[in-house]
Every structure is written in C-alpha cells, then in structure tokens.
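Report on one structure; see the data block that follows.
We name chains A, B, ... by the order of the sequence lines, and we start the count at 1 in each one.
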Amino acid sequence: MTRTLTIDAKDMVGQSITVQGWVNSRRDHGGLIFIDLRDHAGILQLTVDANSNEFKEAESLRDEYVIKATGTVTERAEDLKNPNLATGSVELDVTDLVILNKSEPLPISIDESQQTNEERRLEYRYLDLRREKMQRMLKRRAEYYTYLRIYMESHDFIEITTPILANSSPEGARDFLVPSRVHPGTFYALPQAPQQFKQLLMVGGIPRYYQIATCFRDEDPRADRLYGDFYQLDLEMSFVDDGETVRREMEPLIQNLVTDFGQLKLSTEDIPRIPYAEAMDRFGTDKPDLRFGMELVDLTEELANCGFGVFTGAINADGVVKAICVSKQFSRSEIDKLTEHAKGGGAGGMPYMTVENGKAISSIAKFFSEEHLQVIVEKTGAKDGDTILFGSDQRERVNKVLGSLRSKLGDDLGLKDPNTVALAWIVDFPFYEKDEKTGRIDFGHNPFSMPKGGLDALESEDKLAIVADQYDMVMNGYEICSGAVRNYNPEVMYRAFGVLGYDQQYVESRFGALLNAFKFGAPPHAGCAFGLDRIFMVLTNEDNIREVVAFPKNGSGVDLMMHSPSTVDSNQLTELSIQVDTET
RNA sequence: GGGCUCGUGGUGUAGCUGGCCUAACAUGCCUCCCUGUCACGGAGGAGAUCGCCGGUUCGAAUCCGGUCGGGCCCGCCA
C-alpha cells in the first residue's frame, strides 16, 4: 500500500487518511491549534480542537517533530482557503496524533527566506536537504540521469562499469592513492577518468561504451569544480577516426537537454566549430561565453609604429596589442576597478580610450597620430559613448587579461542572458605546447590523442603547429566536455613520445597495458566525456557547483558533516604497512 | 603555494571615521494569554566578553600585527 501524501488530501474530501511528515510550523491559538505538516510533496494544514483528545499532544509539538496524523479531510470555508498552498482548499481534522520522533531546535533555517551561510549548511547537509530547493534539485538530478541513459541506450551505447581501484596514471591531476594491504608498499589509485579502461573496451570489441562514471582528482576546487569526486558521462565509439562523428552523435543530447529538459533557449541552431587558435584570438580563452560579442581586436600591425612606448615596446618584444570595445562609459572608480582586475591577471596596466563624436579621447591620445586614432576607432568598431580597453604584452598574457575582462564585463553589464545557452565546439587543440617556465615542449592536453596527419605530422618541422584531433564543448563559458580521436597506433604513440625525447622503454613503463593491447588489433576509436555536475549547474542556473550535489566537500576538501578526511586506527595503518609522520 | 575578501547571541544582519555598546534589529528558543491562523497575534524572558592571540590607547567589536577558519580567484585541473 502506498503512503498517503500531504498533496493527496486535496482530492480526498470526506475521507479519513493518515499522513506522516515534519511539523513545518505550529500556530497555537489557545483553543485551536494549526499544524503545517510537511512531506516531500508539500504542506497540509492540520487542525486540532481544544475538545480533542489529541490537544495536549498537539500543544507539545515543536518545529521539525516527526508526526503521524490521522483525521478527516475537510473542505475549508470559502474565506478560509489559502490560495498560496496546493492543499489550501482543505485541511485535516485530526482524530489521532502520534509523535514519531522529537527534534531539537534546528541549527539552520529550512525557510528559504533566510539563507544560512554555506559552511553551516554543509555541516548540517541533511537538514539543508529538507529545503524545497534542494529537494527539487535532487529530484531533477535523478531525472537528468534518466534522460542521459535513455539517449545513450537508444543510440546503441552500452553501459559498462570500470574499476574504482585502478592504477596511478602519470599524466594529469594528482591521484588519490589507496594502499594495498596484500602487497605492502604498493598502491591503487582512484581513476581520474576511466580513460584507459574505456580504450581497452574498444580493443575488447565493444562497439559503443558509455558510463556515468565517478572520477577522482586531488586538485584545488573552484566554484565550478568539485573537490575529490565528480561525475562524467564517459563514452567511446570504435571504428571512428574523426572527431566530427562523435560530435554529431552527441550534440543532439546536449541541445535537447537545454531546450527540453532545461527549458532554455539555444543561442544558435547549429553548434559552431571554432579552432582553438581562433578562440584564443577572438576571445582570449578556449572556453568563451558566446552569449555576447565584445571580441578581442588585434591592433598589433596597425600600431606597430605608433608613438606610444608601452605598445611599441610590447610589439618590439614579439608581443601584441589587442583591445576590446565596451558599450559603456566608465567612471574613474570603475576604470580603477577594471585596471585592478587587469593587473590581477598579470597586466602592467590598462590603457583605455573613450569615443566621442567619432574620435578617440584619452590621456594617452597625445601619443598617437590622428591616423592611428582613426584606425583604432574603425577596427574596434567603436561608437560614440563606447570605451576601448587595451592590452599589450606577450600574446598569451594579453589574451588572458582581455579574455578575463571580457567575461567580467559580460557579467557586470548583464550580457549573459540566464535563459539562453550558447554552445560551441572548440577543435584542433595544439598537440604539443611549450611550457612558459621551462621552455620545454610537452603534450598540450594528453598523450592519448591522435595528431592530425598521424605519423607524418609528427615529423613536421614546427612541432607546435601540430594539432590534435581533439575537441572540447563549451557551454556559456564553461568547459563541459572533452574528447578526442585516440592514438591507437603503437608506432605513432612511440613517435609522439619520441619527439619529447622519451624512448620506447619509458612509454612502455607508463602505458604498458594500453600499448600492449594496441599491439593486438586495436580498432580506431574516439570518444569524449561530459562533466555532468557542471552541465547540470548551467541548466539550473546555479553558479556554484556545490549547489547541485547532495554531499559536497568544502573548498579545502573537507566534509564538514562527516569530518573526513580523518585519522585512522593505528592497527589499520600497521596492517597496511604505513607509517605516518604526524608532525607538519 | 600566492592574491582579494569575510568572521558579531542558535540563524541572518547592523554597528566597525575608537567612548553615548551595559552591543542593536529580524528570526529562532523558553513562559504565559488567545478557537480560524497560514511568516498567526499579544505580553514577558533567556541567550553574544564581537573567531583566536598579542599590541596601540585613559578606553578597542571598531585601529595595528599575527594566527585560525570560510568564500572567490591565480597557480593547478591529461
């Protein structure tokens, strides 16, 4: 028999029902007590009369007591109905009242009107989850998973779970290690992603694999990045040797999630493909928010001979001058704030000009000829009342600073429509990248991707010009997916590492299992993984990823409720052959 | 590891250009009154040495230094 919920009462006038739930509030009128009973479905008003046997019991009720009430559903008089309540046309005339459990006064408020700080909420997450918003979130999240599974299954992907106790992988984020008891001195690692396993599944003859996979990374969190464990929709397809096939296969899912599941608007019908280099050039980032323009304009060529030493100095040092045009005039203090922001990103300062009557006006204008000022206005497309913000330095830094300013201004000026979602595929990531600090070349993203052009491409003169068949999906400025055509050819794998100066033995020691498998007829394969928490965050218009997870850790990786991480019994350590230096 | 920022009864805030702060307001909590409320109402009450340590000062929630904790960002995140 199913339990009767508060919400059911509205259709059960005249019947006797039993409901169970929490006391949301109690209004004691002396001779008549109203109780708002709350369960996950809503709120129902109970009434207990002074003549009732249950009156004493009702008087003793306090907020959040768990009770069971039996009574008759009664239609309220017309002027006593509460239109703000789904069950507001009825009430339960209580004949039997049982306190199932008492509750101390709550340390945090469940009432949505009073927002408790996050630290307290995480400490008492089980109470926080009683809030309507969190109840809704958890339910939506379950529906979200179902939505994903239906799509994947209907596209012939089969779900396969891969081990949680896996191996440390040398590239990438820091691992969570798990000591082995049976083999003292050795460790499992929790997988940062099922990357190697899913590729091994391809070798194992699985045509299409997917998994809602738990991933573990020991890196400092952000507002859009959880600490510790998080979820990916991980997938891989065999006999696919181009990224476009994967992108076409998966993009309807994301589009449907936006329009159907999320009831939001897509900014474009088709999802644009933007090469990495172009994204960096136009937006200063590989995860641009495309809900608004304000693109970066390169003025390096035009201003190479201008009289402003800051610009020419940067250009002569192989740097660039770029600008963004903002449709707003800023006050002195606003400019100061923006300059502060730019400096935070590593800029030396933030030159700017305002445009009046088609002319650029600025304290630095005197350093420029009329022609140069004219070119600046024309190339940035600045109109009267606009402000042009400049960055001049090495290309990477200018992109970072202006890209960050662009995003901040997008927020400040309300250009990021919360009801619109802009999607983009960023493609053609560099296969190798130069480490700014060491000057050494290393893998741009990961060594599993196939360089476009294969073995031949790796022999090309300019190693930094080699692109990987690798792609990210970007959603409103968040990276929500990363994928690639995999390097399934041992020869290409050895050579890719060889370019970096690593010999065969090194590669085998790091990726032995994968490499071995590739020697036995690995099919071409490609895939990707979507960050599920982050996508859900965007779909529900949250700007903190902890809001969409039941039990998140805080910014220092601490579970404030369970108090993990924690020390363990010394016997456990002994069994694991582990000594802990408790100093530090 | 670094930068910015916050820390005041159970909860959320105000005060923070030093003294009128013996710390205010809202909410919650306790007692009493109330038979139609729905954020019920009314009367009364308890509850904070202002994160912690130190300094400046006649005097510190307020200024300074340090420290601990939270948040955001940079680094990091194949």
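The base of B:C77 does not come close enough to the side chain of A:Arg217 for any donor and acceptor atom to sit less than 3.5 Å apart. With hydrogens and angles ignored, a donor-acceptor pair under 3.5 angstrom links the side chain of A:Asp220 to the base of B:G75. Side-chain atoms of A:Arg222 come within donor-acceptor range of the base of B:G75, with a qualifying N/O pair under 3.5 Å. For A:Glu104 against B:G10, no side-chain N or O and base N or O form a donor-acceptor pair under 3.5 Å.
Atom name P, nucleotides B:C40 and B:U27: the rounded distance is 11 Å, in whole Å. When the C1' atom is used for both B:U37 and B:G51, the distance is 42 Å, rounded to whole Å. With both ends at atom C1', the span from B:G9 to B:C21 equals 15 Å, rounded to whole Å. Atom name C1', nucleotides B:C20 and B:G36: the rounded distance is 47 Å, in whole Å. B:G7 and B:U67: their C1' atoms are spaced 13 Å apart (whole Å). Straight-line distance between the P atoms of B:A26 and B:G44: roughly 13 Å, to the nearest whole Å. Distance noted for atom C1' between B:C77 and B:A61: 40 Å (whole Å). Distance noted for atom P between B:C53 and B:U13: 24 Å (whole Å).
Note: CG (A:Asp218) to C1' (B:G1) measures 15 Å, nearest angstrom. Here B:C72 presents its P atom at 10 Å from CG of A:Asn554, a figure rounded to the nearest Å. Rounded to a whole Å, the CZ atom of A:Phe230 is 9 Å from the C1' atom of B:C77. If you measure from atom CG of A:Leu85 to atom P of B:C40, you get 12 Å, rounded to the nearest angstrom.
Pairing of B:U31, defined by two Watson-Crick or G-U wobble distances under 3.5 Å, is identified with B:A43. Pair assignment for B:G54 gives B:C64, based on Watson-Crick or G-U wobble hydrogen-bonding distances that are each under 3.5 Å. In this structure B:G1 sits in a base pair with B:C74, meeting the Watson-Crick or G-U test at under 3.5 Å. Checking B:A24 for Watson-Crick or G-U wobble geometry (two distances, each under 3.5 Å) identifies B:U13 as its partner. The nucleotide B:G69 finds its pairing partner in B:C6, both defining distances of the Watson-Crick or G-U wobble pair being shorter than 3.5 Å.
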Under 3.5 Å, N/O pairs linking protein and nucleotides 4-9 of chain B:
none

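Between A:Asp36 and A:Arg120, the one whose closest nucleotide on RNA chain B sits nearer the 5' end is A:Arg120. Projected onto RNA chain B by closest heavy-atom contact, A:Asn544 and A:Gly444 fall at different nucleotides, the more 5' of which corresponds to A:Asn544.
No engagement by A:Arg121 is indicated, since no non-hydrogen atom pair under 4.0 Å with the nucleic acid exists. Within 4.0 Å of A:Ser556, counting heavy atoms only, lie sugar-phosphate atoms of the nucleic acid but no base atom. Looking at heavy-atom distances under 4.0 Å, A:Gly555 makes contact with sugar-phosphate atoms alone, never a base. Residue A:Glu91 is classed as a base contact, given a heavy-atom separation below 4.0 Å to a base.
For the 3.5 Å distance criterion, the side chains of A:Tyr488 and A:Gln199 fail to qualify, holding no donor opposite an acceptor.
Enclosure of atom CG in A:Asn516 by more than 12 non-hydrogen atoms of other residues, nucleotides or ligands within 6.0 angstrom is indicated. Annotation: A:Lys81, atom NZ; neighbour count of heavy atoms from other residues, nucleotides and ligands within 6.0 Å is above 12.
Using a 4.5 Å heavy-atom threshold, the side chains of A:Glu57 and A:Ile99 count as touching. When side chains are defined from C-beta on, A:Ile480 does not count as touching A:Lys287, because their heavy atoms never get closer than 4.5 Å.
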Q.
I need a per-nucleotide contact map over nucleotides 29-35 of chain B, read 5' to 3'. Cutoff is protein heavy atoms under 4.0 Å; write B for the base, S for backbone only, - otherwise.
A. SSS--BB
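Aromatic ring pairs are classed by plane angle as parallel below 30°, tilted from 30° to 60° and perpendicular above 60°; the pair A:Tyr126 and A:Tyr124 is perpendicular.
Aromatic pair A:Phe497/A:Phe511: ring centres closer than 6.0 Å.
Listed for the A:Gln211 side chain is a donor-acceptor partner under 3.5 Å among the backbone atoms of A:Thr162.
Applying the ring-ring contact (aromatic ring centres under 6.0 Å, His included) criterion to A:Phe55, with sequence neighbours excluded, gives no partner residue.
Exactly one of A:Asp218, A:Asn554, A:Asp559 qualifies for a side chain to side chain donor-acceptor pair (under 3.5 Å) with A:Tyr227. That residue is A:Asp218.
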